Every structure is written in C-alpha cells, then in structure tokens.
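Just so we're clear, the structure is a prediction, and the values are computed from it rather than from any experiment. Both counts, for ligands and for their atoms, begin at 1 and track the order of listing.
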Amino acid sequence: MAEFDTIIIGAGPGGYVCAIRAAQLGLKVAVVEGRGTLGGTCLNVGCIPSKALLNATHQLHEVHENFEKMGLMGAHPTVDWAKMLAYKDDVIAGNTKGIEFLFKKNKVTWLKGWASIPAPGQVKVGDDIHSAKHIVIATGSEPSSLPGVTVDEKTIVTSTGALALGSIPKSLVVIGAGVIGLEMGSVYARLGAEVTVVEYLDAITPGMDAEVAKAFQKILSKQGIKFVLGAAVQGAEVTGTGAKVSYKLRKDDSAHEIAADVVLVATGRKPYTAGLGLEALGVEMLPRGQIKTDGHFATSVKGIYAIGDAIVGPMLAHKAEDEGMALAEIMAGKHGHVNYGVIPGVVYTTPEVASVGATEEQLKEQGRAYKVGKFSFMGNARAKAVFQAEGFVKILADKETDRILGAHIIGPAAGDLIHEVCVAMEFGASAQDLALTCHAHPTYSEAVREAALACGDGAIHA
Ligand code: NAI
C-alpha cells in the first residue's frame, strides 16, 4: 500500500495531462491504467491512429487526383494494407511511449491494472489498496450500442475495429454521420471502398453550423461518399457475404435494406464508469450516465473528482486535457479554470472542418444581433496552388460591438487555422482586431483575415 496526494484513474488525455501538471505543481501522483500502453482511447484506438490512416490515404488521393496536374508522372502506388496498418501502429507506439517518458520525467507512478474505489481516499488495483487525498476519475468513454446491432469488431465494427480491419472492404456502410463516421468513411472511400453513410437526422454532423455542414456534405459527396439522410437504423446483422443494415426512412416510414462487406457503427459514445464501485460510494450520476460534478470537477463524494468524457460536455480529448490541467491547479491549491465557450472542434477529413464558439443557428435562437463575414478559399492564392480552394471561412461577430462570437472553417488546414480565432476570442477581440493584424502572404491564414475584413468594410480578394 502506497500513499499519494493524487491518484488518477485512466491515462487518456484527461488523466495523463492532469497527472503531469499535478506532479509539476509538487504533488505526489499515481495513475492507474489497465491497458498495456498509456494514452487511453485517443492515442491507442482513436484520434491518433485515425490521423495516421487519414494521412496515408490522403497522400494516396493526392497521387491519384493531383500529381499529374503538377507534372508528376509515373506509376501510381498500390496499397499494402498490412504495411499501412503497421505504420499506424508505429505512430501509436511512438506516442504512447512518449507519455511513458513524460511520466518518468515528472515522477508520476504508473499503477498497472484496473482500479476500483472501495472507500473515499482509497484506490484498489489488483490486491493492493493505495491511499490518496484526491482521487480523479478520468475513465473516458466507450462506443454506445445501438438496439438490434451486435458488434463483433470484424464485420460489424466500432471505430476500434475500423482501425484494424483484416482487409480493405469493397463496400462499407457507416451508421451515423458524426465525426467518427465521416473520418473513417473518408479513409475507406479513398482506399476504393464504396461508402454509404446512413444518418438519422436530415443533415450530417449534428451541432455544426448548418451552412458549413451543407457545404461539407456536398464536398464529401463529390469525393464519392453516398448519404442516406433521415434514416433510422433498425438493426444490422452479419450475413454469409458481409452484413446488412435495415433502416426506415423517417419521412414515410418505408423500410429499406443495404448490404456491405463491413458496417461501422458510429452513433456516439457514452461515459465509461463500470467497475469503479461508484454506486456503492453514492457518487451522484446524471441521467445520461455521466458523473455529476460541480464547477471545480468535484463529485458528490468528498475527495473524488471527475473530468473528460466521464462528465458533461463535448467528448473531445482537448476538453479533457484542459479539465485535467485545471483540476491539477485546484488540487494544488491554485485556481483552475476552463473556458467552455472557446473549445474548438475539428473534423480531420480533406478538407478539414473546424469550428469554435456559436453557430449561426445558436445566435438566431438566442435572438442575438450578429453579422457574418465570409471568405471563400477561391480567393486564397495558396489554397488554389494546392488544389484545396473548396470551402470558406465564416466569422460571426456581434452586430454592435464587433466582438467575435464564433468561427467556422471548411478548407485546408482548418484545424490549425481555427486557433487564431480561439486566441482572439480568449482575448475578447473584435473582428476588426483580426482584420488589422498583418498576415503573411501567401498563407491559408489570410482567408481568416479576409473573413474578418468581411465583417467590416469588406474583404479584398472577394
Ligand atoms: P456523434 O455523436 O458525433 O454522431 C453520431 C451520429 O449518429 C449522429 O449524427 C446521430 O444522429 C446518428 N445516429 C444515432 N443513432 C442513429 C440511428 N439509429 N440511425 C442512424 N443514425 C443514427 O458520434 P461519433 O461520430 O460516434 O463520435 C463519438 C464522439 O467522439 C463524439 O463526441 C465526437 O465528438 C468524438 N470524436 C471526435 C473526433 C474529433 O474531434 N476529430 C474524432 C472522433 C470522435
């Protein structure tokens, strides 16, 4: 039995970042992780491996679509799927080992095994019971199940199985047009699979600014991804040749079936808190399975905290990281804070889609007077040079004060560009502040400035 200031359960982006910051602030910290490697879902079976496959298949797409346009002639590469998966695994290993190194550097103890909390102040791992002043639950989330669909991770898969299929399917049905469905759908579409996305709602990517979502769907359709919208999936089953999905169109209740080699279920995730013993401890939960916390990440039981996907808010690695850092500050007797109004969201397709702050729909709902500054990448020289001029930057600003309320970008490197607006929003900037900032030419960032200019007297290259 060892004594710690803080024991964190879960070594995903929330848990490991919390651990490192808490150790940097002088606390004696341990992290319990039962998976063989650190980094949680994000590094092992989520954000990082999917980015590796997105990168590899994007390169392939570039070769097929754009190389000859640039005078790069010659034989097109063929895909060695096993090697592509090995590359993905190398990327995972490089990152998970990096966290191990950071733990050693910061003197964070890794307690290997699965944890439970037998009593406040105690964490059980295997047969050992450790004590801690603070216990942090950072156990993340797992794919939510869909009635009538049994996942076998071979033919009917979640994102985990989709990252390690035995072979490239000829056809793929994706259930759910959310982030996972579209990122993984893009990977397999670029590898030649016929991809059909079946979505319950009448638009893709719920919550995204509607104008951007519409443009996004159009671009993905051009890339060959098919969409069946307004379709409630009733079930999916494995057949002799693959799987079939049954759905009902909501507009007329008509029943349909669609067959594919592989079915990806991407209908959302739910908090993963099983086995911790929270019920016996009396930790209060919310109706949708999240752990209830106050503004300082404290649960209803003294000394037990929770962060990340296990509590309310967007299920994003960087939201968990920010909560982890803030909580470490709080546990060290300082002030930790997360600004939930400025959390970017990114979809890593090509083009990327990124957003921060309010959507136009939200502003309308709030009855807020706003203005829109938009700029198409068609007017951006750099984007045109790399065949990525589809898409636009849209900045929403208060009509009276010009303060930036939100930004939505679909286009090259959108996931990086968005941070310029995030910083501006953190500083309470106006669109004019962005517009008056010198931007290097030729860069994609100029499109952000032009959108900011469009909130005022107008963009230059429009
Ligand atoms: P999601 O919540 O983003 O999307 C799920 C979609 O499935 C929704 O559009 C929903 O309407 C649809 N759906 C639900 N039930 C259905 C049914 N019976 N028939 C047809 N459609 C149905 O969930 P997703 O994509 O699984 O992602 C899970 C979480 O992981 C999200 O919170 C997401 O933000 C996060 N994530 C973030 C990434 C990123 O930031 N790049 C990458 C991957 C995941």
Inset, instruction - Determine, stepwise, if the pair R250 / D202 fulfils salt bridge (charged side-chain N to carboxylate O under 4.0 Å, His left out). - result: CA-CA 9 Å; R250 291 197 298 133; D202 294 323; 3.6 Å; yes
Inset, instruction - Could you tell me whether Y200 atom OH has more than 12 heavy atoms of other residues or ligands within 6.0 Å of it? - result: no
Legend entry - Polar proximity ligand 1 side, V179 side, N/O cut 3.5 Å exclusive: yes
Inset, instruction - Determine, using heavy atoms of G345 and all atoms of ligand 1, whether some pair is separated by less than 4.0 Å. - result: no
Inset, instruction - State, without any angle test, whether N55 and Y87 hold a side-chain donor-acceptor pair at a distance under 3.5 Å. - result: yes
Inset, instruction - Starting from atom 41 (N) of ligand 1, find the nearest protein heavy-atom neighbour and note its residue, name and distance. - result: V346 O, 2.8 Å
Inset, instruction - Would you mind telling me if ligand 1 is within reach of the side chain of A231, the backbone, both or neither, using heavy atoms under 4.0 Å? - result: backbone
Legend entry - Part of Y348 within contact of ligand 1 (heavy atoms, under 4.0 Å): side chain
Inset, instruction - Identify, for atom 25 (O) of ligand 1, the protein heavy atom at the shortest distance, and state residue, atom and that distance. - result: I180 N, 2.9 Å
Inset, instruction - Applying side-chain hydrogen bond (donor to acceptor under 3.5 Å, both in side chains), name anything that partners Q24, two or more places apart in sequence or on another chain. - result: R21
Legend entry - side chain to side chain contact (heavy atoms under 4.5 Å, CB included), paired with I9, selected from I304, I135, V136, T273: I135
Inset, instruction - Starting from atom 29 (C) of ligand 1, find the nearest protein heavy-atom neighbour and note its residue, name and distance. - result: R269 CD, 3.7 Å
Legend entry - Under-4.0 Å heavy-atom contact with ligand 1, by part of V198 that carries it: backbone
Inset, instruction - Considering only non-hydrogen protein atoms, determine which one is nearest to atom 13 (N) of ligand 1 and report residue, atom name and distance to 0.1 Å. - result: T267 CG2, 3.7 Å
Inset, instruction - Before signing off on this row, confirm whether K51 and ligand 1 have an N or O atom pair separated by under 3.5 Å. - result: no
Legend entry - Protein residue, atom and distance nearest to atom 17 (C) of ligand 1, heavy-atom basis: V233 N, 3.9 Å
Legend entry - SB check E446 R382 (cutoff 4.0 Å): no
Legend entry - Shortest protein contact, atom 12 (C) of ligand 1 (heavy atom only): E199 OE1, 3.3 Å
Legend entry - Heavy-atom nearest neighbour in the protein, as seen from atom 2 (O) of ligand 1, with distance rounded to 0.1 Å: G268 CA, 4.0 Å
Inset, instruction - Could you see which bit of L316 sits under 4.0 Å from ligand 1, with heavy atoms only: side chain, backbone, both or neither? - result: side chain
Legend entry - H296, NE2 atom: more than 12 neighbouring heavy atoms under 6.0 Å: no
Inset, instruction - Return yes when atom NZ of K51 has more than 12 non-hydrogen atoms of other residues, nucleotides or ligands closer than 6.0 Å, and no otherwise. - result: yes
